Q: 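After the structure tokens below, expect a handful of questions from me.
On a predicted model such as this, the values are computed, not experimentally measured, just so you know. Note that the numbering runs from 1 along the sequence shown for the chain.
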Amino acid sequence: MSKREKDLWQGIDGRGRNALSSRNYRVESFAQELSERGVDASELTAVDRNKREIKDGWIPGVEIFARKIHPQRHRGSFGEFVRRDEGILAQIGFWPKQWSSARMFAQTAKGFHVHPPSIPDNATAADWLRRVFVDEPDNYSLRCYDDEQWDVMFVLQGRVEMILCDVRAGFARRVMRFFVDGDNHRSSNNIGIVIPPGVAHAIRAEGSEDVIMVYGTSTTFHPEFEGRIASEIETSELPESWQKFLSL
């Protein structure tokens, strides 16, 4: 360390120096960046998923695919979601039974929730899931789309940080954090995301605008399919004085 570096904070008093910390700008491995700080979604559509480093960080069954948003001058834009007989959804044999929309106000978040995988009666959970997603990942006929909720998600407006966490029985705990742009922000971060059951997911609105999403599910809505994990961020408590008044 040079004398300049040693004396850098000499003009700050002792209490201030003791409180100092430095932000870490060092670039880690791809898997570390993906799980800890997050990456642009465009990086995930461009990577070679056969590379060992990518495999180590990727959650099995998650699909991320690029979308193109076409500008329509003086009017707005046009963007396709997905075609039933082409692309990723056609490849994996998943076509939603229900389409829904969601709006998130600026500076809000959806806490973690997860959908339960369907396990056959004659199989153990860890063995079955390993067969479906690790041993025979391209045998899409094993997937129980009719009995478990798979999601495919699109962001139409705003920007979000999405966090996925694998909590399936017998699987390593992998985390994927990435940033997605809505259609009103044309970029290489305009993507679609397929999330399998057993992968917990949370979303944070980025910036100062509301977020509008559209998502398709492999089953129609079943409240019992939605397991909440660490979702307190969604709970807005009444002021204490209000609660006291209401309890009188």
Side-chain angles (χ1 to χ4, degrees), residues 28-39 41 43-65 88-89 91-94 96 109-153 160-180 191-204 215-219 222-233:
E28 307 290 351
S29 70
F30 180 83
Q32 285 179 294
E33 290 288 314
L34 178 60
S35 66
E36 296 173 11
R37 286 196 289 217
V39 302
E43 295 186 48
L44 301 178
T45 62
V47 295
D48 180 356
R49 288 171 53 181
N50 292 315
K51 287 186 175 180
R52 182 57 180 269
E53 182 186 12
I54 308 304
K55 276 188 173 181
D56 288 345
W58 199 281
I59 296 174
V62 168
E63 303 289 349
I64 296 176
F65 54 95
I88 291 294
L89 295 199
Q91 177 184 326
I92 67 176
F94 162 35
K110 290 181 181 291
F112 279 100
H113 66 280
V114 65
H115 310 299
S118 177
I119 310 299
D121 291 337
N122 60 348
T124 63
D127 289 345
W128 172 254
L129 293 171
R130 182 168 185 83
R131 179 187 176 190
V132 173
F133 293 102
V134 178
D135 298 336
E136 301 180 50
D138 297 329
N139 185 358
Y140 303 117
S141 65
L142 294 175
R143 299 184 176 184
C144 306
Y145 293 127
D146 291 337
D147 301 318
E148 58 189 14
Q149 182 175 320
W150 288 65
D151 296 334
V152 56
M153 296 184 173
V160 303
E161 177 186 15
M162 182 162 287
I163 308 176
L164 310 181
C165 182
D166 198 344
V167 293
R168 288 171 290 191
F171 277 51
R173 179 65 62 94
R174 289 187 175 95
V175 175
M176 296 176 68
R177 298 179 64 170
F178 50 95
F179 300 91
V180 183
I191 62 159
I193 310 117
V194 175
I195 305 174
V199 176
H201 39 291
I203 304 168
R204 294 200 298 182
Y215 59 98
T217 54
S218 60
T219 60
H222 296 290
E224 64 272 21
F225 278 10
E226 189 173 88
R228 314 301 299 181
I229 304 174
S231 59
E232 296 85 358
I233 193 169

Q: Checking Asp146 now: which residues fulfil side-chain hydrogen bond (donor to acceptor under 3.5 Å, both in side chains) with it, not counting sequence neighbours?
A: Lys97

Q: Suppose we screen for salt bridge (charged side-chain N to carboxylate O under 4.0 Å, His left out). Which residues come up paired with Asp151, at least two apart in sequence or across chains?
A: none

Q: For the CE atom of Met162 and the CD1 atom of Ile203, what is their distance to the nearest 0.5 Å?
A: 3.5 Å

Q: List the steps, then state whether side chain to side chain contact (heavy atoms under 4.5 Å, CB included) holds for Met176 with Ile64.
A: CA-CA 11 Å; Met176 296 176 68; Ile64 296 176; 4.2 Å; yes

Q: Please test Tyr145 against Thr219 for side chain to side chain contact (heavy atoms under 4.5 Å, CB included), starting from the C-alpha separation and ending with a verdict.
A: CA-CA 7 Å; Tyr145 293 127; Thr219 60; over 6 Å; no

Q: Nearest 0.5 Å, please: how far is CD1 in Ile92 from OG in Ser141?
A: 13.0 Å

Q: Is the backbone of Arg174 close enough, under 3.5 Å, to the side chain of Ser35 for a donor and an acceptor to pair up by distance?
A: no

Q: Just wondering, do Pro96 and Thr217 contact through their side chains at under 4.5 Å, heavy atoms?
A: no

Q: Looking at Val180 and Ala41, what are the two nearest heavy atoms and their distance?
A: CG2-CB, 4.3 Å

Q: Tell me, please, which residues at least two apart from Tyr215 pass side-chain hydrogen bond (donor to acceptor under 3.5 Å, both in side chains).
A: none

Q: If we ignore hydrogens and angles and just use 3.5 Å, is the side chain of Ser231 paired with the main-chain N or O of Gly111 as donor and acceptor?
A: no

Q: Would you say the side chain of Leu89 lies within less than 4.5 Å of the side chain of Val152, judging by non-hydrogen atoms?
A: yes

Q: Show the nearest heavy-atom pair for residues Ala172 and Asp166, with the distance to one decimal.
A: O-CB, 4.0 Å

Q: Would you please name every residue forming a ring pair (Phe, Tyr, Trp, His ring centres under 6.0 Å) with His113, sequence neighbours left out?
A: His115, His201

Q: Run the side chain to side chain contact (heavy atoms under 4.5 Å, CB included) test on Glu161 and Arg177 for me, step by step, so that the C-alpha distance in whole Å, both residues' side-chain angles and the decisive distance to 0.1 Å come before the verdict.
A: CA-CA 7 Å; Glu161 177 186 15; Arg177 298 179 64 170; 2.6 Å; yes

Q: Of all the heavy-atom pairs spanning Ile193 and Ile195, show the shortest one and how long it is.
A: CG2-CG1, 3.9 Å

Q: Identify each donor-acceptor pair in which a side-chain atom of residues 55-63 lies under 3.5 Å from a protein atom, sequence neighbours left out, and give them as a table.
A:
residue, atom, partner, partner atom, Å
Asp56, OD1, Arg52, NE, 3.2
Trp58, NE1, Val62, O, 2.9
Glu63, OE1, Arg49, NH1, 3.0

Q: For Ser118, give me all partners under side-chain hydrogen bond (donor to acceptor under 3.5 Å, both in side chains), at least two apart in sequence or on another chain.
A: none

Q: Measure across Ile54 and Asp48 and return the closest heavy-atom pair with its distance rounded to 0.1 Å.
A: CG1-O, 3.4 Å

Q: Could I get the full list of side chain to side chain contact (heavy atoms under 4.5 Å, CB included) partners for Ala230, not counting sequence neighbours?
A: Glu232

Q: Check side-chain hydrogen bond (donor to acceptor under 3.5 Å, both in side chains) between Arg130 and all other residues, then give those that pass, not counting sequence neighbours.
A: none

Q: Quick one: does NZ or CZ of Arg168 land under 6.0 Å from the six-membered ring centre of Phe133, within 45 degrees of the ring axis?
A: yes

Q: For Val114, check side chain to side chain contact (heavy atoms under 4.5 Å, CB included) against everything at least two apart and list the hits.
A: Val167, Ala200, Ile229

Q: Any idea which heavy atoms bring Val194 and Phe65 closest together, and the distance?
A: CG2-CE2, 4.1 Å

Q: Can you name the closest pair of heavy atoms from Trp128 and Ile119 and give their distance?
A: CD1-CD1, 3.8 Å

Q: Please identify each residue that fulfils side chain to side chain contact (heavy atoms under 4.5 Å, CB included) with Val39, with sequence neighbours left out.
A: Glu33, Leu34, Glu43, Leu44, Phe178

Q: Side-chain contact test, heavy atoms from C-beta onward, threshold under 4.5 Å: evaluate it for Gln149 versus Pro197 and give yes or no.
A: no

Q: Among residues at least two apart in sequence or on other chains, which ones pass salt bridge (charged side-chain N to carboxylate O under 4.0 Å, His left out) with Arg131?
A: Glu136

Q: With Glu53, which residues qualify under side chain to side chain contact (heavy atoms under 4.5 Å, CB included), at least two apart?
A: Ser29, Phe30

Q: According to the interplanar angle, ranging from 0 to 90°, do the rings of Trp150 and Phe94 count as parallel (below 30°), tilted (30 to 60°) or perpendicular (above 60°)?
A: tilted

